[in-house]
J.: 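Sharing a structure here in structure tokens format.
Proteins come first, then strands; the chains are lettered A, B, ... in the order of their sequence lines, and each starts at number 1. Since we're looking at a predicted model, the values are computed, not measured.
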Amino acid sequence: MQNQHIKISEMGRHVGEEVLLKGWLSKSRAGGKVQFLMVRDGSGLCQAVMEKSEANGELFGEVKHLGQESSLEVAGVVREEPRSVGGYELAVNDVRIVHKTEDYPITPKPHGPDFLMKNRHLHLRSRKQWALARVRHSVIEAIRDFFNNNGFVLIDTPIFAPAAGEGEQTLFNVDYFGEQVALAQTGQLYLEAAALSHGKVYCFGPTFRAEKSKTRRHLTEFWMVEPEIAYVDLDGLLEVAENFVTHIIQHTLKHRRDELEILERDTSSLEKIQVPFYRLSYSDAVEMLHSEKAQDYLQGQLKEKRGQLEELQSSIEQLTEEQKAAKKQWQKDKLTHQITQAREQTGELTEQIKNIPLHMELAKNFKWGKDLGGSDETIISNLHDRPVFVHRYPKEIKAFYMKPDEEDSRVVMNFDCLAPQGYGEIIGGSMREDSYEALLGRIRELDYEEADYQWYLDLRRYGSVPHGGFGLGVERTVAWLTGTKHIRETIAYPRMMGKIYP
RNA sequence: UCCCCGAUAGCUCAAUUGGUAGAGCGAGCGGCUGUUAACCGCUAGGUCGUAGGUUCGAGUCCUACUCGGGGAGCCA
């Protein structure tokens with residue numbers, strides 16, 4: 001074991017050399033005279049091939065009985081091998097067993113989400129979860145780079161917060177030396193204060209929402225980055241936001257190709273994305289929902305889904321035939337599994353088909369003044385091939401600190417950014433009310449506790465300037481970039497309603 | 001909070017109209033020189049989520065509860 005220890009990702013540079021890999025056995029296939037060990041070491045995956053010889057007979061037998069996820073060190077010669085993952089493999093000379101694992105719970109077969117979440121601490125080792133974590137890492141790297149390289153100063157805002165930022169019902173309450181405080185839902189108010197010191201600032205950390213939402217888009221603890229800029233207007237904010245999102249995409253595409261491929265993400269829709277994004281006022285969005293175009297789109301969807309359903313049903317019939325004809329038991333089971341899956345998809349499609357007329361009704365009858373629902377957002381984002389900014393929402397459905405539009409006092413100067421392909425809202429932002437009187441009026445109108453907001457009002461007493469900012473949800477962004485259906489896989493230890501272990 | 005679906009072996013799932021619990025994978029043992037969800041043979045593995053009810057008889061029907069999945073509302 002004198003060989004140089006290298007990472008699997010570096011194997012291409014060591015062809016023909018004797019090296020040492022240190023890692024874990026992710027899978028193995030044993031033959032009588034040769035066995036294939038799939039080794040992972042955190043940097044990648046490598047097939048190590050061990051041939052039985054007179055000298056290594058005992059070791060060969062021992063390695064053969066190693067359980068999945070045993071940890072080991074493997075010495076051998078790197079060689080090119082097109083049949084192997086990554087194009088290289090290791091011809092094994094020696095193996096040192098570090099730890100023998102027995103009965104590893106997660107097998108290379110399908111598992112249910114509940115089981116995987118209960119074994120999240122082990123699930124993190126699986127290939128897709130590994131890839132997902134690395135994409136997340138790069139997304140966060142891109143976020144930090146963008147702000148650090150564009151003159152923003154990082155400000156860490158508190159997690160114990162005395163007053164509600166928005167929506168008082170969704171707070172997690174904490175006992176703070178006998179006083180009831182809440183876990184922060186946003187750092188924004190504190191950030192506004194800091195923006196008046198530095199001009200451009202951002203905060204980045206976890207935020208907490210006690211929303212009782214059990215959907216694929218919600219967590220109770222999620223990471224949000226929030227920039228805040230002094231002397232900016234709404235157009236300026238939109239420009240920052242679109243440059244920011246584009247930077248994240250390009251950075252990820254540049255550094256995480258392999259991971260996106262493991263995740264089977266079709267990157268072509270991401271490659272296309274460039275500035276400027278579409279800009280649509282709320283009022284125009286409402287009109288779009290009422291338009292022929294929206295109805296046509298939904299009709300098209302209906303037709304497409306029905307086609308898919310028919311296709312699925314005929315494939316189920318075919319699979320059933322095949323299953324009857326299958327001789328081997330394992331073939332039958334494989335087909336049974338496929339049929340089960342197809343049936344599940346059928347159920348999903350049927351549900352979607354059932355919902356489309358409902359969505360058509362919702363869109364057609366959408367009343368100005370209401371908030372956009374999930375289906376409305378999906379319609380709007382799917383009518384565009386790039387992200388869409390929807391701006392200037394009705395004042396009544398938005399937070400107290402948002403600044404009304406001078407040209408139309410019914411709406412505020414805010415915006416949401418809708419990611420394509422129905423991944424929903426990834427950004428929410430606004431211009432902030434900078435007039436003392438107007439802000440105080442709003443606080444009184446909504447019957448908030450005036451005393452709690454004195455420091456916030458101070459910002460309008462002393463050198464108030466036009467300012468604004470936005471927040472981007474990391475998990476939703478990662479879900480979109482990776483094409484992950486459920487947000488719970490985009491963070492190592494998801495916190496959701498009723499889920500706190502491990 | 002509301003609506004829909006589900007809970008059977010370690011895992012993924014079967015079990016006809018209610019009639020004494022099955023398979024694959026995984027695990028163990030053996031066989032096989034290159035496997036890509038390998039393959040072949042054998043072995044072990046179960047309080048059918050919990051509690052009650054209907055019935056001669058309940059995994060299957062009914063009620064309540066618990067847990068999970070999907071969605072609505074709300075949101076990033």
Side-chain angles (χ1 to χ4, degrees), chain A residues 27-38 45 47 49-53 64-65 67-68 81-85 89 91 102-119 166-167 169-170 185-186 206-226 328-341 343-344 347-348 350-352 354-355 358 362 370-375 377 397 399 416-419 423-429 470-480 485-488 490 496-499:
Chain A
K27 217 177 356 181
S28 72
R29 258 181 293 276
K33 301 224 167 94
V34 61
Q35 50 186 325
F36 303 94
L37 311 173
M38 200 59 88
L45 209 54
Q47 177 166 276
V49 185
M50 188 176 189
E51 285 181 55
K52 193 177 182 177
S53 65
K64 189 170 170 175
H65 292 108
Q68 191 191 343
E81 173 54 70
R83 284 175 294 184
S84 193
V85 234
E89 66 178 20
E102 281 169 34
D103 297 327
Y104 186 69
I106 300 177
T107 66
K109 295 289 176 207
H111 297 287
D114 187 37
F115 177 78
L116 290 174
M117 280 301 148
K118 280 185 175 137
N119 288 286
E166 35 195 301
Q169 296 89 358
T170 60
Q185 293 188 311
T186 167
T207 54
F208 307 88
R209 306 235 171 133
E211 283 159 5
K212 292 189 174 168
S213 311
K214 277 172 59 178
T215 81
R216 59 183 67 169
R217 298 189 309 281
H218 288 87
L219 296 169
T220 54
E221 178 181 317
F222 66 94
W223 283 65
M224 184 159 73
V225 59
E226 300 175 89
K328 302 281 182 192
Q329 189 56 48
W330 70 269
Q331 286 174 327
K332 280 192 187 193
D333 280 319
K334 182 175 161 183
L335 288 164
T336 307
H337 184 69
Q338 285 176 354
I339 290 168
T340 311
Q341 276 193 326
R343 286 221 183 98
E344 248 171 61
E348 237 175 80
T350 311
E351 178 108 23
Q352 286 171 359
K354 207 177 75 193
N355 281 330
L358 218 80
L362 280 175
K370 257 181 47 185
D371 209 350
L372 298 177
S375 66
E377 286 184 358
I397 53 170
D416 284 346
C417 179
L418 306 181
Y423 278 94
E425 194 182 328
I426 52 168
I427 287 182
F470 59 85
L472 171 128
V474 170
E475 289 76 16
R476 284 192 185 173
T477 305
V478 174
W480 167 41
K485 263 217 185 105
H486 204 300
I487 197 170
R488 66 186 158 212
T490 61
M496 306 185 307
M497 207 177 116
K499 200 149 274 180

J.: How long is the line joining NZ of Lys499(A) and P of G68(B), in whole Å?
T.: 6 Å

J.: On the nucleotide U12(B), are OP1 or OP2 found under 4.0 Å from the side-chain N or O atoms that Lys109(A) carries?
T.: no

J.: Would you mind telling me which residue lines up with the more 5' stretch of RNA chain B, Met224(A) or Phe115(A), judged by nearest nucleotide?
T.: Phe115(A)

J.: Using the C1' atom in both, what is the distance from U8(B) to A21(B), to the nearest Å?
T.: 9 Å

J.: Output the rounded distance in Å from NE2 (His486(A)) to C1' (G69(B)).
T.: 9 Å

J.: Would you please determine if the base of A76(B) is stacked by Phe222(A), with stacking meaning a centroid separation under 5.5 angstrom and planes under 30 degrees?
T.: yes

J.: Look at the side chain of Thr107(A) and the base of C11(B), then say whether one donor and one acceptor between them are separated by less than 3.5 Å.
T.: no

J.: Between G70(B) and Thr215(A), counting only base atoms on the nucleotide and side-chain atoms on the residue, is there a donor-acceptor pair under 3.5 Å?
T.: no

J.: NZ of Lys370(A) versus P of A72(B): gap in Å, rounded?
T.: 13 Å

J.: Using atom CG of Leu418(A) as one end and atom P of C75(B) as the other, report the distance to the nearest whole Å.
T.: 14 Å

J.: When you measure only distances, ignoring hydrogens and angles, does the side chain of Arg29(A) come within 3.5 Å of the base of C39(B) through a donor and an acceptor?
T.: no

J.: Looking at Glu89(A) and G34(B), is any side-chain donor or acceptor paired with a base atom of the opposite kind under 3.5 Å?
T.: yes

J.: Does Gly424(A) reach a base, just sugar-phosphate, or nothing at all? Heavy atoms under 4.0 Å.
T.: nothing

J.: Can you tell me, in whole Å, how much space there is between the P of A7(B) and that of C61(B)?
T.: 10 Å

J.: Does the side chain of Thr186(A) come under 3.5 Å of the side chain of Glu226(A) through a donor N or O and an acceptor N or O?
T.: yes

J.: Does Gln47(A) contact U36(B) through a side-chain donor or acceptor facing the base, at a distance under 3.5 Å?
T.: no

J.: Among Thr477(A), Val474(A), Leu472(A), find the one that has a side-chain contact (heavy atoms from CB on, under 4.5 Å) with Trp223(A).
T.: Val474(A)

J.: So do His218(A) and Lys212(A) actually touch side chain to side chain, heavy atoms under 4.5 Å?
T.: no

J.: When rounded to the nearest Å, what value does the distance between C1' atoms of G24(B) and C4(B) take?
T.: 30 Å

J.: Would you indicate, yes or no, if G71(B) has its OP1 or OP2 atom less than 4.0 angstrom from a side-chain nitrogen or oxygen of Arg216(A)?
T.: yes

J.: Answer yes or no: does a side-chain N or O of Lys214(A) lie under 4.0 Å from OP1 or OP2 of C3(B)?
T.: no

J.: Quickly work out the Gln35(A) CD to A38(B) P distance and round it to whole Å.
T.: 15 Å

J.: Could you check how far CG of Asp114(A) sits from C1' of G49(B), rounded to whole Å?
T.: 12 Å

J.: With a 3.5 Å cut-off and just heavy-atom distances, do the side chain of His218(A) and the base of C75(B) make a donor-acceptor pair?
T.: yes

J.: Ignoring backbone atoms, establish whether His65(A) has a side-chain N or O less than 4.0 Å from OP1 or OP2 of G30(B).
T.: yes

J.: Are the side chains of Thr220(A) and Phe208(A) in touch, meaning some heavy atoms are under 4.5 Å apart?
T.: no

J.: Roughly how many Å is it from CE in Met38(A) to P in U35(B), rounded to a whole number?
T.: 13 Å

